[in-house]
K.L.:
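I'd like to ask some things about the structure below.
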Amino acid sequence: MRVDNNHIIIFGTGGHAKTVISIIEAEAKWQIYGLSDVAGNKKEKKSVLGYNIIDFRSNASQLQQANITRGFVAIGDNQLRAKITDDLLSKGISLVNVVHPSAILMTNATIGVGSLIHAQAVLAADCRIGSNTIISATAVVGHD
């Protein structure tokens with residue numbers, strides 16, 4: 001089954017993924033196709049907050065056939081998130097940004113790919129957020 005181009009896979013199934021799911025639902029920009037346990041958690045859970053956990057590695061061709069080429073790495077560990085991001089990018093998966101609707105992005109604030117901006121965060125004028133960055137709730141990133 002082919003899906004709309006706004007469907008994404010969340011890579012990660014832990015606590016950070018729950019936060020990401022909540023922000024994605026509030027943002028209402030992306031549709032979650034499912035989650036993939038890329039961190040190797042050994043738990044036997046089959047879903048997170050009602051979204052199915054799928055085996056991305058064995059279903060990569062199925063995802064391509066369904067036209068799912070975007071995702072978000074929802075892993076809090078910075079080094080592991082970077083490693084998984086590099087792996088996904090090498091496989092042709094592009095990363096989206098997830099921005100809570102209550103976040104404030106001032107003039108010319110830029111965000112690198114795969115970044116998460118939590119609720120009530122403020123990105124001041126001309127600030128630059130790198131790729132794969134997590135900006136916590138109520139954080140303020142100054143101008144320039």
Side-chain angles (χ1 to χ4, degrees), residues 3-64 66-106 108-144:
V3 297
D4 295 336
N5 202 21
N6 69 336
H7 279 78
I8 63 170
I9 295 288
I10 296 176
F11 297 93
T13 60
H16 188 56
K18 291 178 180 180
T19 299
V20 170
I21 289 169
S22 297
I23 294 173
I24 288 172
E25 290 176 343
E27 186 181 20
K29 180 177 181 179
W30 306 109
Q31 296 293 316
I32 300 168
Y33 183 80
L35 286 75
S36 180
D37 180 13
V38 290
N41 293 326
K42 303 291 186 217
K43 297 178 183 173
E44 294 294 324
K45 59 184 169 180
K46 297 187 191 266
S47 68
V48 174
L49 297 179
Y51 296 98
N52 290 331
I53 297 174
I54 58 176
D55 183 0
F56 172 71
R57 285 174 174 49
S58 66
N59 288 319
S61 63
Q62 180 183 353
L63 294 176
Q64 289 174 340
N67 195 35
I68 299 172
T69 59
R70 295 181 183 161
F72 187 86
V73 181
I75 295 175
D77 179 294
N78 292 334
Q79 291 178 336
L80 183 56
R81 188 171 64 253
K83 181 179 184 247
I84 291 170
T85 294
D86 290 344
D87 183 49
L88 293 172
L89 292 172
S90 74
K91 291 179 177 161
I93 301 292
S94 60
L95 300 179
V96 302
N97 290 325
V98 175
V99 180
H100 194 280
S102 69
I104 298 170
L105 281 65
M106 294 185 179
N108 293 333
T110 59
I111 305 169
V113 296
S115 293
L116 175 71
I117 312 299
H118 277 269
Q120 299 179 356
V122 177
L123 305 184
D126 280 329
C127 78
R128 291 176 301 282
I129 303 301
S131 296
N132 247 4
T133 302
I134 299 170
I135 303 296
S136 294
T138 70
V140 177
V141 179
H143 61 84
D144 299 309

K.L.:
Evaluate the criterion side-chain contact (heavy atoms from CB on, under 4.5 Å) for residue pair Val96 and Val113; output intermediate values, then yes/no.
P.N.:
CA-CA 6 Å; Val96 302; Val113 296; over 6 Å; no
K.L.:
Mind checking the NZ-CD1 spacing from Lys83 to Ile75? Nearest 0.5 Å is all I need.
P.N.:
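The NZ atom of Lys83 sits 10.0 Å away from the CD1 atom of Ile75.
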K.L.:
Taking the side chain as C-beta and beyond, is there a heavy-atom pair between Leu88 and Val73 under 4.5 Å?
P.N.:
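Result yes, sub-4.5 Å side-chain heavy-atom pair found.
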K.L.:
With a 4.5 Å cut-off on side-chain heavy atoms, are Val99 and Glu27 touching?
P.N.:
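They are in side-chain contact.
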K.L.:
Not counting sequence neighbours, which residues clear side-chain contact (heavy atoms from CB on, under 4.5 Å) with Ser115? List them please.
P.N.:
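side-chain contact (heavy atoms from CB on, under 4.5 Å) list for Ser115, sorted by chain: Asn97, Ile111, Ile129, Thr133.
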K.L.:
Atom CG in Leu49, atom CD1 in Ile32: separation rounded to 0.5 Å?
P.N.:
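Between Leu49 CG and Ile32 CD1, I get 8.5 Å after rounding to 0.5 Å.
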K.L.:
Which value, rounded to the nearest 0.5 Å, describes the distance between Ile24 atom CD1 and His100 atom NE2?
P.N.:
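Nearest 0.5 Å value for the CD1-NE2 distance: 11.5 Å.
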K.L.:
Give me the one residue out of Asn6, Ile54, Ile8 that meets side-chain contact (heavy atoms from CB on, under 4.5 Å) with Tyr33.
P.N.:
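When side-chain contact (heavy atoms from CB on, under 4.5 Å) is applied between Tyr33 and each of Asn6, Ile54, Ile8, only Ile54 qualifies.
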K.L.:
What verdict does the side-chain contact (heavy atoms from CB on, under 4.5 Å) test give for Phe72 and Leu116, after you've listed the backbone C-alpha separation in whole Å, the side-chain angles of each residue and the deciding distance to 0.1 Å?
P.N.:
CA-CA 9 Å; Phe72 187 86; Leu116 175 71; 3.7 Å; yes
K.L.:
Could you give me the CA-CA distance, side-chain angles and deciding distance for Asp37 and Phe11, then say whether side-chain contact (heavy atoms from CB on, under 4.5 Å) is met?
P.N.:
CA-CA 6 Å; Asp37 180 13; Phe11 297 93; over 6 Å; no
K.L.:
Give, for atom OG of Ser36 and atom CD1 of Ile84, the distance between the pair rounded to the nearest 0.5 Å.
P.N.:
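Here the rounded value is 9.0 Å.
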K.L.:
Rounded to the nearest 0.5 Å, what separation is found between the CD1 atom of Ile68 and the NE2 atom of His7?
P.N.:
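Rounded to the nearest 0.5 Å, the CD1-NE2 separation comes to 6.5 Å.
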K.L.:
Between Ala109 and Ala124, which heavy-atom pair has the shortest distance, and what is it?
P.N.:
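So the two residues come closest at CB-O, 3.8 Å.
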K.L.:
Show every donor-acceptor pair shorter than 3.5 Å between a side-chain atom in residues 15-23 and any protein atom, with sequence neighbours excluded, or say none if there are none.
P.N.:
from: Ser22; atom 1: OG; to: Lys18; atom 2: O; distance (Å): 3.1

K.L.:
For Arg81, enumerate each residue passing the side chain to side chain donor-acceptor pair (under 3.5 Å) test, keeping only those at least two apart in sequence or located in another chain.
P.N.:
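For Arg81, the residues satisfying side chain to side chain donor-acceptor pair (under 3.5 Å) (neighbours in sequence not counted) are Asn78.
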K.L.:
Got a donor-acceptor contact below 3.5 angstrom from the Ser131 side chain to the Gly114 backbone?
P.N.:
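No.
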K.L.:
Determine whether Leu89 and Leu95 satisfy the following criterion, side-chain contact (heavy atoms from CB on, under 4.5 Å), listing intermediate values before the conclusion.
P.N.:
CA-CA 8 Å; Leu89 292 172; Leu95 300 179; 4.3 Å; yes
K.L.:
Just list the side-chain donor-acceptor pairs under 3.5 Å for residues 137-144, sequence neighbours left out, or say none.
P.N.:
none

K.L.:
What are the two closest non-hydrogen atoms of Gln120 and Ser102, and how far apart are they?
P.N.:
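Residues Gln120 and Ser102, closest heavy atoms: N-OG, 2.9 Å.
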K.L.:
Between Lys91 and Asp87, does at least one N-O distance fall below 4.0 Å, as a salt bridge requires?
P.N.:
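Looking at Asp87 together with Lys91, the answer is yes, because their closest N to O distance falls below 4.0 Å.
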K.L.:
Got a sec, which residues hit side chain to side chain donor-acceptor pair (under 3.5 Å) with Asn52, two or more places apart in sequence or on another chain?
P.N.:
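Result, side chain to side chain donor-acceptor pair (under 3.5 Å) vs Asn52: none returned.
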K.L.:
Using the test side chain to side chain donor-acceptor pair (under 3.5 Å), find all partners of Glu25 that sit at least two apart in sequence or belong to another chain.
P.N.:
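With sequence neighbours excluded, Glu25 shows a side chain to side chain donor-acceptor pair (under 3.5 Å) to Tyr51, given in chain and number order.
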K.L.:
Looking at Ala74 and Ile10, what are the two nearest heavy atoms and their distance?
P.N.:
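Smallest interatomic distance, heavy atoms only, reads CB-CG2, 3.6 Å.
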